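Just so it is clear: chains get the letters A, B, ... in the order the sequence lines come, proteins before strands, and each one is counted from 1. Since the model is a prediction, treat every value here as computed from it, not as a measurement.
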Amino acid sequence: MAKKLGIQSTRASNYQDWYPEVVAAADLAENSEVKGCMVIKPWGYALWENVQRVLDGMFKDTGHSNAYFPLFIPLSYFEKEAAHVDGFAKECAVVTHHRLEERDGKLVPAGPLAEPLVVRPTSETIIGASFAKWVQSYRDLPLLINQWANVVRWEMRTRLFLRTAEFLWQEGHTAHATAEEAVEETMKMLGVYATFAEDYMAMPVIQGEKTIGERFPGAVQTFCIEAMMQDRKALQAGTSHFLGQNFAKASGIQFLDDKNTLTHAWTTSWGVSTRLIGAMIMTHADDDGMICPPRLAPKQVVIMPVVRKPEDRERVMTYCKALKVELEKQRFAGGEDRLRVELDARDIGGGDKKWEWVRKGVPIRIEVGPRDIDGDVAMVARRDKQADKPVSMPRAELVAGIGAMLDDIQASMFARAKAFRAEHTRVIDTKEEFYAYFESPRTKNPNDPTPIHGGFAMTHFNGDPALETKIKEDLKVTVRCIPLEAGEPGTCPFTGQPSAKRVVWAKSY
RNA sequence: CGGGGCGUAGCGCAGCCUGGUAGCGCACUUGGUUCGGGACCAAGGAGUCGCAGGUUCAAAUCCUGUCGCCCCGACCA
């Protein structure tokens with residue numbers, strides 16, 4: 001008999017269905033009645049809150065302050081940066097009225113606005129308007145601001161967490177007196193993202209620069225962290241942009257430098273979004289559901305009392321409550337992280353309860369019943385190992401070792417993701433091999449989802465945007481980034497021209 | 001916006017070809033038996049068959065339109 005899994009679809013047989021099933025089974029989010037928008041449920045939002053809390057600390061440690069700017073951007077602000085308009089105009093939601101009136105029993109918009117308001121798809125222009133007022137002198141710089149907000153991008157096709165019409169994010173916006181300092185900031189924040197992704201999300205990333213075609217509209221340089229999902233596609237998990245003086249000129253951010261010269265500031269912007277939740281799912285979840293990395297898990301440990309007879313109830317509960325208190329005193333991640341422990345005393349079937357936590361991806365499950373109490377032991381199951389095979393552990397050993405166990409789970413999840421990426425990354429030196437690597441396997445029905453194939457290709461590239469476009473048309477493969485780390489010069493296999501280093505090619509989300 | 005598919009109980013689906021007044025599994029409620037675990041038995045509640053027209057004595061079923069969702073493209077964090 002086939003093993004019964006936590007969810008219906010598997011990654012191998014039907015990745016397209018597997019992803020939303022994990023989201024539903026883990027109770028992370030659901031589609032709302034509003035097309036393209038999602039409802040983030042408590043378990044999913046708790047993950048986001050942990051992302052926020054950690055990143056917010058990292059931003060403050062690097063000298064940034066939080067502020068908040070309007071949801072609405074006057075159309076005229078938006079028009080000031082031409083490339084920016086090109087990039088975002090097609091996906092803007094626009095507010096044109098400020099009142100509803102009843103006509104023939106129906107409410108209709110009335111009171112047209114003199115100037116339409118764009119619902120922010122990103123806030124460079126509205127924040128720039130404030131920065132222009134705040135900056136007079138080089139002594140006002142650098143200006144290091146972050147905002148936690150929602151933004152709206154009217155997308156054609158949406159997927160929970162990965163691409164929704166409205167999403168939550170943070171956007172850092174900074175202004176500097178020199179280009180060097182702005183570039184340094186851009187790279188520093190990219191590094192913050194990479195550290196967060198690898199140390200907290202247990203998701204290996206490649207730091208790199210985007211090609212011209214993939215650059216943020218209006219930026220001079222765009223940098224990113226790219227991760228490989230379990231269908232071997234690349235997911236851009238965070239971006240950091242060096243905006244040069246483009247937005248400073250558009251918004252009039254000017255200052256007098258120490259030589260009394262009126263100069264435009266150099267700005268940066270950087271952001272990550274609720275897409276990170278999708279990244280965690282597609283990096284770690286398996287055919288039984290979600291697996292939360294311990295450092296971001298809403299709960300790292302769930303204690304499930306096993307109460308067979310009513311007369312055992314009080315004894316078991318007392319023991320479990322004491323165990324919870326003891327476990328909560330423990331630390332992991334070098335003493336930085338405290339334990340979040342759930343005592344699930346709900347009166348539902350033990351099997352149902354267990355599978356619910358498996359699907360939600362709690363890293364460690366502990367079952368305690370009368371027999372365990374007699375022996376002062378507990379049944380312990382690690383979500384990253386076999387999901388349904390708990391092992392007996394002495395209580396003292398469990399309490400003393402729980403931190404190390406969480407560290408081990410965090411480390412093994414990262415190692416597994418890294419091994420997966422390595423397994424599906426290929427160094428390619430010929431055009432033929434490149435095309436064969438990415439060619440979609442044929443399916444009987446052209447409407448079937450494409451089977452999982454390809455991966456990351458490390459290939460030399462002469463940097464020609466027209467060539468990149470051609471390859472995108474042929475294979476739907478693009479340069480995900482030009483890695484920051486040092487590489488060897490070589491020959492572009494498509495043109496025979498020299499190439500400074502290998503770049504990462506992949507299909508992407 | 002192009003090509004394909006699908007809308008039937010909370011969820012997953014059958015029924016549609018060959019019209020006759022709605023069914024299955026899971027979930028839910030109640031009772032009982034089990035139980036270191038995704039249990040079993042019995043009884044029960046729950047659906048204007050996406051919506052609007054049309055054909056017909058009769059429409060979930062046939063026809064037309066429309067809305068929504070999914071997949072494959074184009075667009076994208």
Worksheet entry | Atom pair distance, as rounded to whole Å: CG in A:D352 and P in B:rC35 | 18 Å
Worksheet item: Looking only at atom C1', what distance separates B:rC41 and B:rG36, rounded to whole Å?
Response: 23 Å
Worksheet, complete the sentence: Taking B:rG38, B:rA77, B:rG36 as options, the one with an atom nearest any side-chain atom of A:S273 is B:rA77
Worksheet entry | Rounded interatomic separation in angstrom, taking NZ from A:K476 and C1' from B:rA74 | 11 Å
Discussion item. With rounding to the closest Å, how many angstrom separate the C1' atoms on B:rC1 and B:rG25?
Written reply: 39 Å
Practice prompt. Kindly say if A:K353 contacts the phosphate of B:rG38, meaning a side-chain N or O under 4.0 Å from OP1 or OP2.
Written response: no
Practice prompt. Measure from the side chain of A:R371, starting at C-beta and using heavy atoms only, and say which of B:rC75, B:rG36, B:rA74 lies closest.
Written response: B:rG36
Worksheet item: So what does A:M379 hit on the nucleic acid, given a heavy-atom distance under 4.0 Å: a base, only sugar-phosphate, or nothing?
Response: base
Worksheet item: Can you check the A:R275 CZ to B:rA77 P distance for me, whole Å?
Response: 8 Å
Worksheet entry | Salt-bridge present (A:D344, A:K354; N to O < 4.0 Å) | no
Discussion item. Assess whether a salt bridge exists between A:R11 and A:D287, defined as any Lys/Arg side-chain N lying under 4.0 Å from an Asp/Glu carboxylate O.
Written reply: yes
Worksheet item: On a whole-Å scale, what distance lies between the C1' atoms belonging to B:rC26 and B:rG73?
Response: 36 Å
Worksheet item: B:rG44 and B:rC49: how far apart are their C1' atoms, nearest whole angstrom?
Response: 23 Å
Worksheet entry | Any strand: nucleotide that pairs with B:rA14 via Watson-Crick or wobble, under 3.5 Å | none
Practice prompt. State the pairing partner of B:rG53; accept Watson-Crick or G-U wobble contacts with both distances under 3.5 Å, and report none otherwise.
Written response: B:rC63
Worksheet item: Distance between the C1' atoms of B:rG2 and B:rG10, in whole angstroms?
Response: 35 Å
Worksheet entry | Parallel, tilted or perpendicular: rings of A:F167 and A:W169 (30°, 60°) | perpendicular
Item to complete: Between A:R159 and A:K472, just flag the one whose closest nucleotide in RNA chain B comes earlier from the 5' side.
Response: A:R159
Discussion item. Taking the P atom in each of B:rG4 and B:rG20, what is the distance between them to the nearest angstrom?
Written reply: 29 Å
Practice prompt. In whole angstrom, give the distance that lies between atom CD of A:Q236 and atom C1' of B:rA77.
Written response: 6 Å
Practice prompt. Searching all strands shown, indicate the nucleotide that pairs with B:rC69 (Watson-Crick or G-U wobble; both distances under 3.5 Å).
Written response: B:rG5
Worksheet item: Looking for any heavy atom pair under 4.0 Å, which part of the strands does A:T158 touch: base, sugar-phosphate only, or nothing?
Response: nothing
Discussion item. From the set B:rG36, B:rA74, B:rA77, return the single nucleotide nearest to any side-chain atom of A:F167.
Written reply: B:rA77
Item to complete: Could you tell me the separation between the CG atom of A:D374 and the P atom of B:rG36, rounded to a whole number of Å?
Response: 15 Å
Practice prompt. Sort out the partner of B:rU21 for me: Watson-Crick or G-U wobble, both distances under 3.5 Å, none otherwise.
Written response: none
Worksheet item: Are the charged groups of A:R371 and A:D312 less than 4.0 angstrom apart, N to O?
Response: no
Fill in: Base partner of B:rG31, which must satisfy Watson-Crick or wobble distances under 3.5 Å
B:rC41
Worksheet item: Using 4.0 Å as the upper bound for N to carboxylate O, is an ion pair formed by A:R346 and A:E356?
Response: yes
Worksheet item: Has A:R275 got its NZ or CZ under 6.0 Å from the middle of the six-membered ring of A:Y509, at an angle within 45 degrees of the ring axis?
Response: no
Worksheet item: When all nucleic acid strands are considered with a 4.0 Å heavy-atom cut-off, which category describes A:L235: base, sugar-phosphate, or nothing?
Response: nothing
Item to complete: Calculate the interatomic distance between A:L190 atom CG and B:rA77 atom C1'; express it in whole Å.
Response: 15 Å
Item to complete: Look at the side chain of A:N31 and decide which nucleotide, out of B:rG36, B:rA77, B:rC70, has an atom nearest to it.
Response: B:rC70
Worksheet, complete the sentence: Result for 5'-nearest mapping on RNA chain B, choosing between A:F216 and A:E473, is A:E473
Discussion item. With rounding to the closest Å, how many angstrom separate the C1' atoms on B:rU64 and B:rU18?
Written reply: 22 Å
Worksheet item: Rounding to the closest angstrom, what is the interatomic distance between B:rC17 and B:rA77 at atom P?
Response: 48 Å
Discussion item. Nearest whole Å is fine: how far is B:rC75 P from A:E214 CD?
Written reply: 10 Å
Discussion item. I'd like to check the salt bridge (charged side-chain N to carboxylate O under 4.0 Å, His left out) partners of A:K470; sequence neighbours left out, ordered by chain and number.
Written reply: A:D474
Worksheet item: Taking CZ from A:R215 and C1' from B:rA77, how many angstroms apart are they, rounded to a whole number?
Response: 17 Å
